[in-house]
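In what follows, a single structure is set out as structure tokens and then discussed.
Index from 1, following the sequence.
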Amino acid sequence: LTDRYGFASSQFVDSDSTIIASFLLETVPRSLNLKVKNEQHFRLEGLLFDPLHGVVVDHVPFRGKLNVKMKEYDSKQFLLQCQLLQPAMVVLQYGLNVVPDVRLEYGNYRIALQQDLQLLKKYLPNASFLVMGVPDMARKEAGIMVSYPNITAVIEAQREAAMREKVAFWNFRKAMGGEGAMVKWVDDGLGRSDYAHLTAAGAEKAATIFVNDLMQVISTLPADD
């Protein structure tokens, strides 16, 4: 790797003997082979490939989670990663798995989401935060596909959590067309047949709408913000 691509490296160790190694590659290799000599005492926390310039987006998937529940994770390791990455903006997109569990109210869910925001804000005091509301989602009733009746309540819980923690909120469902939007998106090839998830084309459209809305808001902010 050194002879073929060349790199500058640096290492630092925290109090728990966690080693972070960084390498600056002059060219991008097609593949990398990682070999560990003492694998019994080795735990890989992650690999990060970022350019030196431009906008970098890191996706942290918590599959099946109702929300992050950060308190369940290794806070020391997460804090170390936060210090390394120092993201300018954190977007939380959760709630899709909450919708099928239809309830009368979502106060406990709102509290859990607030707790996650509080912990993340503690770890990342210089970052901006945005909660992305749940999109539309449909189920079959009397032979036809209709939106879940509790989506509005879930969105309001998410909105209230964002407001209480003084972070931004984006109404995904409203942006995609409101109640019944998922049925139309599926018909247009933008939603999957489960009437919950988006296709690649749908995800691209949603991302475009989100970025356009975000940039419109940013353009109205004072220059020093």
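Without hydrogens or angle criteria, Ser147 side chain to Gly180 main chain gives a donor-acceptor distance under 3.5 Å. Of the possible donor and acceptor atoms, none in the side chain of Asp188 sits under 3.5 Å from a partner among the backbone N and O of Leu190. A donor-acceptor pair under 3.5 Å links the side-chain atoms of Thr199 to the main chain of Gly189, judged by distance alone. With hydrogens and angles disregarded, a donor-acceptor distance shorter than 3.5 Å links the side chain of Asp194 to the backbone of His197. Asn150 contributes no side-chain N or O that, together with a main-chain N or O of Ala153, makes up a donor-acceptor pair within less than 3.5 Å. Of the possible donor and acceptor atoms, one in the side chain of Asp136 sits under 3.5 Å from a partner among the backbone N and O of Ala181.
Nearest approach of Leu113 to Ala161, heavy atoms of both residues: CD2-CB, 3.9 Å. For Ala127 against Pro87, the heavy-atom pair with the smallest separation is CB-O, 3.4 Å. Between Ala206 and Leu198, the closest heavy-atom pair is CB-CD1, 3.9 Å. In this structure, Ala196 and Met137 approach most closely via the heavy-atom pair CB-CE, 3.7 Å. Closest non-hydrogen pair, Thr220 versus Val217, comes out as OG1-O, 2.6 Å. Shortest non-hydrogen contact noted between Val183 and Ala138 is CG2-CB, 4.1 Å.
Atom CG in Asn171 sits 9.0 Å away from atom CD in Gln158 (nearest 0.5 Å). For the atom pair Phe169 CZ and Leu92 CG, the distance stands at 12.0 Å (nearest 0.5 Å). Within the model, atoms CG of Leu214 and CD1 of Ile209 stand 13.5 Å from one another, a figure rounded to the nearest 0.5 Å. Atoms CE and OH, from Met145 and Tyr195 in turn, are 5.5 Å apart once rounded to the nearest 0.5 Å. Taking CZ of Arg110 as the reference point, atom CZ of Arg159 lies at 14.5 Å (rounded to 0.5 Å). Rounding to the nearest 0.5 Å places CD of Gln114 at 11.0 Å from CE of Met163.
Using a 4.5 Å cut-off between side-chain heavy atoms of Ile, Leu, Val, Met, Phe, Trp and Tyr, with links allowed through other members, Tyr109 and Val167 fall into the same hydrophobic cluster. A single hydrophobic cluster is seen to contain both Val90 and Tyr94, as judged by linkage of ILVMFWY side chains at heavy-atom distances under 4.5 Å, directly or through other members. The same ILVMFWY cluster, assembled from side-chain heavy atoms under 4.5 Å apart, contains both Phe172 and Phe210. Side-chain heavy atoms closer than 4.5 Å link hydrophobic residues (I, L, V, M, F, W, Y) into clusters, and following such links, even through other members, never connects Ile155 to Met176. Cluster membership for Val131 and Leu124, using ILVMFWY side-chain heavy atoms within less than 4.5 angstrom, is shared.
A salt bridge links Glu141 to Arg139: at least one charged side-chain nitrogen sits closer than 4.0 Å to a carboxylate oxygen.
Inspection of the Tyr106 and Glu156 side chains reveals no N or O donor paired with an N or O acceptor under 3.5 Å.
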Decide yes or no on side-chain contact (heavy atoms from CB on, under 4.5 Å) for Arg192 and Val186, but give the supporting numbers first.
-> CA-CA 6 Å; Arg192 298 190 182 278; Val186 171; over 6 Å; no

With side-chain contact (heavy atoms from CB on, under 4.5 Å) as the test, would you mind laying out the steps for Ile144 and Val146 before giving the verdict?
-> CA-CA 6 Å; Ile144 60 174; Val146 296; 4.0 Å; yes

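Residues Leu85 and Asp58 meet the side-chain proximity criterion, which asks for heavy atoms closer than 4.5 Å.
When the shell of 6.0 Å around CD of Gln86 is examined, it contains more than 12 heavy atoms from other residues, nucleotides or ligands. Counting heavy-atom neighbours within 6.0 Å of Ile218 CD1, excluding the residue itself, gives a total above 12. For Met89, the CE atom counts as densely surrounded, since its 6.0 Å shell holds more than 12 non-hydrogen atoms of other residues, nucleotides or ligands.
The salt bridge (charged side-chain N to carboxylate O under 4.0 Å, His left out) test applied to Lys121 returns Glu165, not counting sequence neighbours. Taking Glu160 as the reference, Arg164 meet the side chain to side chain donor-acceptor pair (under 3.5 Å) condition, with sequence neighbours excluded.
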